[in-house]
Enquirer: 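Shown below is the structure under consideration.
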Amino acid sequence: MAISYARNFFNSRKLKSLLAVAVSMPLLLLTASTAQAETAWRYWSYWTQTDGTWQMSMTGAADVEAVDGSVQGWRYITAGLEIGEEFAPRSEATFTDICGTTQTREGFVRVAVVVDFGDPSDYSDDITPPEVITECVALEVGSPSSLLLPDIVELREENGLICAVNGFPSSGCGEEVELSATDEPTLISEPVQNNSASNIFNNPLVLGGLALLVAIMAFFGLKKRN
């Protein structure tokens, strides 16, 4: 009886429908993931430099105290949630290169500032961004780093956010954009090498679909016995 039922079940239309659902679920999940990866934002990102390496700040410039000998930067970017060093300000100038000729003053600190206007693709208009700006700024001891930019550039701000630097961009503020399939893909993390990509069972989505199929088969088997 059990063998006969199993044969009928595997040949039934119901099983074919369940297989279609199980196979389509990983594809739907992959499609949703792809759609999320295509969402990005255009905005002025804020960076600090340590030992010659840029790091994106997790706090705003208003919460970072200006320290003598430091290097800080801003760059206009189009990026998703994960941001690597490839989005950092494109300048190898050191503090000495930028502030080496600026004399120290009692009660003041010197900060090397880098402003990178990004690439033409970062703008909705067909424009050529200005060259990278490097300036040495002197502020009173204890001043927040948010006072660095107003000393060398003109800002357009909304609700405490930097929307434009020297008029770039001309409009908008942290706008969300959708990257189409024809756009150049943006690297947001280091690619992972997979030496067994041909084995579909290494895909957690496929395994999840198979697990769902097994659970459905078990359910029908218990229902038949009852």
Side-chain angles (χ1 to χ4, degrees), residues 40-80 82-105 107-177 184 186-188:
W41 292 264
R42 292 185 175 125
Y43 63 99
W44 279 96
S45 57
Y46 170 55
W47 301 73
T48 58
Q49 192 183 100
T50 304
D51 296 330
T53 301
W54 287 107
Q55 294 179 336
M56 187 174 180
S57 178
M58 295 295 100
T59 60
D63 298 321
V64 177
E65 181 179 341
V67 178
D68 189 75
S70 62
V71 182
Q72 303 189 32
W74 282 261
R75 178 179 171 180
Y76 192 65
I77 63 174
T78 302
E82 297 183 38
I83 302 177
E85 292 183 5
E86 62 274 12
F87 291 97
R90 291 165 295 185
S91 174
E92 298 180 357
T94 64
F95 175 80
T96 302
D97 295 332
I98 300 174
C99 292
T101 60
T102 303
Q103 295 183 349
T104 59
R105 289 188 294 167
F108 285 80
V109 295
R110 299 165 301 160
V111 179
V113 178
V114 178
V115 181
D116 187 337
F117 292 86
D119 296 317
S121 60
D122 293 319
Y123 295 85
S124 56
D125 303 328
D126 185 16
I127 63 172
T128 300
E131 295 292 329
V132 175
I133 295 176
T134 58
E135 291 283 349
C136 187
V137 179
L139 295 177
E140 292 185 1
V141 174
S143 297
S145 295
S146 56
L147 298 180
L148 293 169
L149 282 182
D151 194 75
I152 58 176
V153 295
E154 293 184 2
L155 300 179
R156 175 168 59 85
E157 300 179 82
E158 293 181 13
N159 300 322
L161 298 177
I162 296 177
C163 302
V165 175
N166 282 353
F168 292 88
S170 59
S171 62
C173 190
E175 60 184 343
E176 181 178 320
V177 295
E184 184 70 15
T186 301
L187 178 65
I188 59 176

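Numbers for residues simply follow the sequence, beginning at 1.
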Enquirer: G172 and C163: which non-hydrogen atoms are nearest, and at how many Å?
Expert: O-CB, 3.8 Å
Enquirer: Begin from the C-alpha positions of V115 and L149 and carry the test side-chain contact (heavy atoms from CB on, under 4.5 Å) through to its verdict.
Expert: CA-CA 9 Å; V115 181; L149 282 182; 3.6 Å; yes
Enquirer: Find the distance between CG (D68) and CZ (F108) and round it off to the nearest 0.5 Å.
Expert: 12.0 Å
Enquirer: Would you say the side-chain atoms of W47 pair up with the backbone N or O of R75, donor to acceptor, closer than 3.5 Å?
Expert: no
Enquirer: Within the 4.5 Å heavy-atom criterion, are I152 and V137 side-chain neighbours or not?
Expert: yes
Enquirer: Nearest heavy-atom pair of Y46 and A61: which atoms, and what distance?
Expert: CE2-CA, 3.6 Å
Enquirer: If you measure from CD1 on I162 to CH2 on W74, what distance do you get to the nearest 0.5 Å?
Expert: 6.0 Å
Enquirer: Do V71 and T48 come within less than 4.5 Å of each other through their side chains, counting heavy atoms only?
Expert: no
Enquirer: Quick check: are there more than 12 heavy atoms from other residues, nucleotides or ligands sitting under 6.0 Å from CD of E92?
Expert: no
Enquirer: Side chains of I133 and N166, heavy atoms from C-beta outward: is any pair under 4.5 Å?
Expert: yes
Enquirer: Are any non-hydrogen side-chain atoms of P169 and W44 less than 4.5 angstrom apart?
Expert: yes
Enquirer: If you look at every heavy atom in V114 and S91, which pair is closest and at what distance?
Expert: CG1-CB, 3.7 Å
Enquirer: Short question: side chain of S145, backbone of V64 - any donor-acceptor pair under 3.5 Å?
Expert: yes
Enquirer: Which value, rounded to the nearest 0.5 Å, describes the distance between Y76 atom OH and D119 atom CG?
Expert: 12.0 Å
Enquirer: Looking at every non-hydrogen atom in both residues, tell me the closest pair between W41 and G174 and how far apart they are.
Expert: CD1-O, 3.8 Å
Enquirer: Starting at CD of E65, measure out to OG of S70 and round the result to the nearest 0.5 Å.
Expert: 9.5 Å
Enquirer: Once you round to the nearest 0.5 Å, how far does CG of L161 lie from SG of C173?
Expert: 5.5 Å
Enquirer: Does R110 reach the main-chain N or O of R105 with its side chain, forming a donor-acceptor pair under 3.5 Å?
Expert: no
Enquirer: I83 and G80: which non-hydrogen atoms are nearest, and at how many Å?
Expert: CG1-O, 3.8 Å
Enquirer: For the OG1 atom of T134 and the CG atom of D116, what is their distance to the nearest 0.5 Å?
Expert: 11.5 Å
Enquirer: Under a 3.5 Å distance rule, please check whether T94 uses its side chain to pair with a backbone N or O of D97 as donor and acceptor.
Expert: yes
Enquirer: If we ignore hydrogens and angles and just use 3.5 Å, is the side chain of R156 paired with the main-chain N or O of F168 as donor and acceptor?
Expert: no
Enquirer: Is it true that a side-chain atom of R42 and a backbone atom of D122 form a donor plus acceptor pair closer than 3.5 Å?
Expert: yes
Enquirer: With a cut-off of 6.0 Å (strictly less than), are more than 12 heavy atoms of other residues, nucleotides or ligands near CD of E157?
Expert: yes
